[in-house]
Enquirer: 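Below: one structure in structure tokens.
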2 protein chains.
Amino acid sequence: MATIAEVAARAGVGAGTVSRVLNHSPKVSETTRARVQAAIAELGYRPNPLAQGLSRGRCRTLGVVVPYFTTPSPVERLRGVAAALDGAQHDLVIFNVESVAHRDDFLGTLDRRDRADGLLMMSFPPPPTDLSRIVAAGVPVVLVDAVAEGVSSVVVDDVAGGRLATEHLLELGHERIAFIGGDPDEPLGFTSADDRELGFRQAMADAGVEIDESLVRYGTHAREVAVAIAKDLLRQDAPPTAVFATADVQALGVIEAVRSLGRHVPADLSVIGFDDIELSAYVGLTTVRQPLFESGQLATRLLLEALAGDTTPAVHVHELPLEVVVRTTTGPRPPGAGPT
Amino acid sequence: MATIAEVAARAGVGAGTVSRVLNHSPKVSETTRARVQAAIAELGYRPNPLAQGLSRGRCRTLGVVVPYFTTPSPVERLRGVAAALDGAQHDLVIFNVESVAHRDDFLGTLDRRDRADGLLMMSFPPPPTDLSRIVAAGVPVVLVDAVAEGVSSVVVDDVAGGRLATEHLLELGHERIAFIGGDPDEPLGFTSADDRELGFRQAMADAGVEIDESLVRYGTHAREVAVAIAKDLLRQDAPPTAVFATADVQALGVIEAVRSLGRHVPADLSVIGFDDIELSAYVGLTTVRQPLFESGQLATRLLLEALAGDTTPAVHVHELPLEVVVRTTTGPRPPGAGPT
DNA sequence: TTGAAAGCGTTACCAC
DNA sequence: GTGGTAACGCTTTCAA
């Protein structure tokens, strides 16, 4: 592999000049530039990224810290990241988080420009001390689906989303509405499900409909868990006529449970989810759509901007719109469905 | 950020000694080691990866070159990669390929240890010249779902898989079997669908069943494409009673088409796919399961082995098993379904 | 406009 | 065992 020194020798110039040509410095005469470029071409020279990184203090790498990066929502977001990164001069490094230990490992070491030029953190609230250490170290950070003092973020209004979902069910005449939230023991502390619950409660209160707390459940995103919850819900004396699950993967589990009991969606149970993952369109799940792809794309753009400009862009919370996508899993409350 | 020099100064030793402590060299006395470690702890020192990389000629990074990394099969494979990488001292860099230009860009620049210590290439046959250039540069490569001279790979027997799928349908009594292969204009030159077609043709021939070439179609993995093909197939005068789609995503499109025509699976049409992506289990798709997760995991292990040992491991083609997973989308040929 | 040389932070070789 | 000191390959002053 040719080095800058060899190129310089061949072109009969100093290494500095080659570097200037490489970095499009305007202060190089046309003739030398041509000569250097010829030498570069002849030698098939490409700069060593490690050396550039060491010298410049950056490493042309974008890190994405993301829990369970192969699950549907993160994947959609990463699709957006990849799209925004296309053509940009940065490699995409994935820091997959599956436990608090993972998270702390990564966050503990990413507070320097030699590991990643910029960081995207997705769907988990970074511990404030880690975050501020990283920011203080001069590593630009953009949060997706989380907010924190001093860093830009891309979010949706989960409370409003919870309200939207609930209102949709209320409008269809449902009153015995079950709610399935996130795992309360989730170690990474995701908050969006809680916010959606808040929206659920607000909408119910606004509609003057009392919540039957026995219909409020929580569970992980494992399909079996949602299946079990739904079965239990349906076996009650007074089963719900509708369910709001705070994640599509849970909603899909609910549908599976309904079918396995020989019941039908939405005739016996209306189901609305949240996210609008790819699978949902296929299955016909009614859901609150959040722009997952766009969130990754926008966040990446913000990060690239922060990297490009020498002036740090203003900290801003970008809110993406939410929208109820009505498909086939929600319908009017069945006429004889118990006392209101 | 503390440097090795500062640590050395604080510990009252030379930088070399600190380096030795860092790299667990045995030739350091216990007392100095303790002193150095104390200094490291006090200063919160962590070595600069860029500098280490430059000096050592490696960069503790594993690159995965993968087309459409957010589609179901690659995602499953990446899950295996991440699992195998857990705890390993390497960052995961994704080189997402969506065009020949992408591919050539990456393959053109990845022939050096300063970009990635090792490379996984998934599901596309790397151009031989690129591959040999990379290998010649000393970058260990493992192929997944592709084979090439001189590099280890993890594969399945796609021909046998095509046979398996076809035999399953034949055993159910089907004879008018449609086939949906991959896009012949696919620019990256995936070959697995072609091999599966070969297996399809072999099995049909072995069973003495003639193939109606009007039932042999090709298309991309976009769902609409499979939907269109299936609709067209079903509108024929003598429609098929079964379909073998070489990818689950296509099979799902077929099912969608059947339903949209008011027909039923498998009563009107049996459908078998290939891959066994996560969605397939959910939908109940009968399919030929290939160990996607395991392929990524095994390939990563092989690569890590190659990186760890100073002796290059023997080149070997690892074949993973294939298996028909019978679920609910295939059934016996309906009695009155046309002449055999 | 250009060359020379001093970093950037490690590792590894060579003496002691 | 340990310190000193070249690399490693680039960027970026500083002079000229």
Side-chain angles (χ1 to χ4, degrees), chain A residues 1-37 39-40 43-61 89 109 111-117 137-138 310, chain B residues 1-40 43-61 89 109 111-115 117 137-138 310:
Chain A
M1 200 75 269
T3 71
I4 201 170
E6 301 177 50
V7 174
R10 174 156 199 130
V13 301
T17 303
V18 176
S19 175
R20 269 162 239 150
V21 170
L22 243 33
N23 298 292
H24 306 102
S25 158
K27 14 179 44 179
V28 180
S29 78
E30 267 320 308
T31 60
T32 27
R33 179 184 305 279
R35 208 139 41 85
V36 168
Q37 271 162 344
I40 289 178
L43 264 39
Y45 168 74
R46 281 163 292 154
N48 178 324
L50 257 20
Q52 285 186 314
L54 181 58
S55 185
R56 298 206 257 241
R58 327 187 247 95
C59 59
R60 31 166 281 303
T61 263
Q89 215 53 300
T109 63
D111 57 347
R112 28 196 305 177
R113 255 332 229 299
D114 48 23
R115 196 73 193 289
D117 284 334
D310 16 31
Chain B
M1 200 76 269
T3 72
I4 202 170
E6 302 176 50
V7 174
R10 176 159 198 129
V13 300
T17 302
V18 177
S19 176
R20 264 161 269 182
V21 170
L22 243 33
N23 298 291
H24 307 101
S25 158
K27 16 180 39 178
V28 179
S29 79
E30 266 322 307
T31 59
T32 31
R33 178 183 308 279
R35 208 139 39 85
V36 169
Q37 271 162 345
I40 289 177
L43 264 40
Y45 166 75
R46 280 163 294 153
N48 178 325
L50 256 20
Q52 285 186 315
L54 180 59
S55 185
R56 294 181 171 141
R58 329 188 244 94
C59 58
R60 32 167 280 301
T61 263
Q89 217 49 303
T109 62
D111 57 346
R112 24 195 312 177
R113 258 328 233 300
D114 48 25
R115 195 75 193 288
D117 285 334
D310 16 31

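All values below were derived from every heavy atom in this structure, side-chain atoms included, with hydrogens, water molecules and symmetry-related copies excluded. Lettering of chains follows the sequences in order, A, B, ..., and the numbering in each one begins at 1.
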Enquirer: Please check the phosphate of D:dT11 (OP1 and OP2 only) for any side-chain N or O of A:Gln52 closer than 4.0 Å.
Expert: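 Yes, A:Gln52 has a side-chain N/O under 4.0 Å of OP1/OP2 on D:dT11.
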Enquirer: Given atom CZ of A:Arg58 and atom P of C:dG9, what is their separation to the nearest angstrom?
Expert: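 My rounded result for the distance is 15 Å.
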Enquirer: Under 4.0 Å between any heavy atoms, over every strand shown, what does B:Arg46 touch: base, sugar-phosphate, or nothing? Just pick one.
Expert: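 The residue B:Arg46 makes sugar-phosphate contact but no base contact.
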Enquirer: From CZ of A:Arg33 over to C1' of C:dG3, roughly how many Å is that when rounded to an integer?
Expert: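 Going from A:Arg33 (CZ) to C:dG3 (C1'), I get 17 Å.
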Enquirer: Does a nitrogen or oxygen in the side chain of A:Ser55 sit under 4.0 Å from OP1 or OP2 of D:dG9?
Expert: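 It does not, given that no N or O in the side chain of A:Ser55 lies less than 4.0 Å from OP1 or OP2 of D:dG9.
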Enquirer: Begin with the C-alpha distance, continue with both residues' side-chain angles, and end with the deciding distance and a verdict on side chain to side chain contact (heavy atoms under 4.5 Å, CB included) for A:Gln52 and A:Asn48.
Expert: CA-CA 6 Å; A:Gln52 285 186 314; A:Asn48 178 324; over 6 Å; no
Enquirer: B:Asp114 has an atom CG; how far is it from atom P of C:dT11, in whole Å?
Expert: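 B:Asp114 atom CG is separated from C:dT11 atom P by 17 Å.
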Enquirer: Nearest whole angstrom, please: distance from the P of C:dG9 to the CG of A:Asn48.
Expert: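 Nearest whole value for this atom pair: 17 Å.
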Enquirer: Assess whether side chain to side chain contact (heavy atoms under 4.5 Å, CB included) is satisfied between B:Val7 and B:Arg10, documenting all intermediate values.
Expert: CA-CA 5 Å; B:Val7 174; B:Arg10 176 159 198 129; 5.8 Å; no
Enquirer: Over all heavy atoms of both residues, which pair between B:Met1 and B:Gly44 is shortest? Give the atoms and the distance, please.
Expert: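 Heavy atoms of B:Met1 and B:Gly44 come nearest at CE-O, 3.8 Å.
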Enquirer: Take atom CD of A:Glu6 and atom P of D:dA7, then tell me their distance rounded to the nearest Å.
Expert: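 So the CD-P distance, A:Glu6 to D:dA7, works out to 15 Å.
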Enquirer: Would you mind telling me which residue lines up with the more 5' stretch of DNA chain D, B:Arg56 or B:Glu30, judged by nearest nucleotide?
Expert: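 Its nearest nucleotide lies further toward 5', so the answer is B:Glu30.
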Enquirer: In whole angstrom, what separates B:Ile4's CD1 from D:dC8's P?
Expert: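 Atom CD1 in B:Ile4 sits about 18 Å away from atom P in D:dC8.
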Enquirer: Provide the closest heavy-atom pair for B:Gln89 versus B:Arg60 in the form atom of the first, atom of the second, distance.
Expert: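 That would be O-CB, 3.4 Å.
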Enquirer: Assign each of A:Ala2 and B:Val28 to its nearest nucleotide of DNA chain D by heavy atoms, then name whichever residue's nucleotide is nearer the 5' end.
Expert: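 Between the two, 5'-proximity favours B:Val28.
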Enquirer: With a 4.0 Å heavy-atom cut-off, tell me which residues in residues 11-27 of chain A come close to DNA chain C, sorted by residue number.
Expert: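 Those residues whose heavy atoms fall under 4.0 Å from DNA chain C, taken from residues 11-27 of chain A in numerical order, are A:Gly12, A:Val13, A:Gly14, A:Thr17, A:Arg20, A:Lys27.
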Enquirer: Considering only NZ, NE, NH1 and NH2 on the basic side and carboxylate oxygens on the acidic side, decide whether B:Asp111 and A:Arg46 come within less than 4.0 Å.
Expert: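 Looking at A:Arg46 together with B:Asp111, the answer is yes, because their closest N to O distance falls below 4.0 Å.
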Enquirer: What's the CG-P distance between B:Leu50 and D:dC8, to the nearest Å?
Expert: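 Answer to the nearest Å: 17 Å.
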Enquirer: Are B:Ser29 and D:dT2 close enough that a side-chain N or O sits under 4.0 Å from OP1 or OP2?
Expert: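 For D:dT2, OP1/OP2 do have a side-chain N/O of B:Ser29 under 4.0 Å.
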Enquirer: Going through the distances and angles, do B:Val36 and B:Tyr45 end up as a side chain to side chain contact (heavy atoms under 4.5 Å, CB included)?
Expert: CA-CA 11 Å; B:Val36 169; B:Tyr45 166 75; over 6 Å; no
Enquirer: Send over the distance from A:Leu54 CG to D:dT12 P, rounded to a whole Å.
Expert: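 A:Leu54 atom CG is separated from D:dT12 atom P by 12 Å.
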Enquirer: Would you check, one step at a time, whether the test side chain to side chain contact (heavy atoms under 4.5 Å, CB included) holds for B:Asn23 with B:Arg56?
Expert: CA-CA 12 Å; B:Asn23 298 291; B:Arg56 294 181 171 141; 2.7 Å; yes
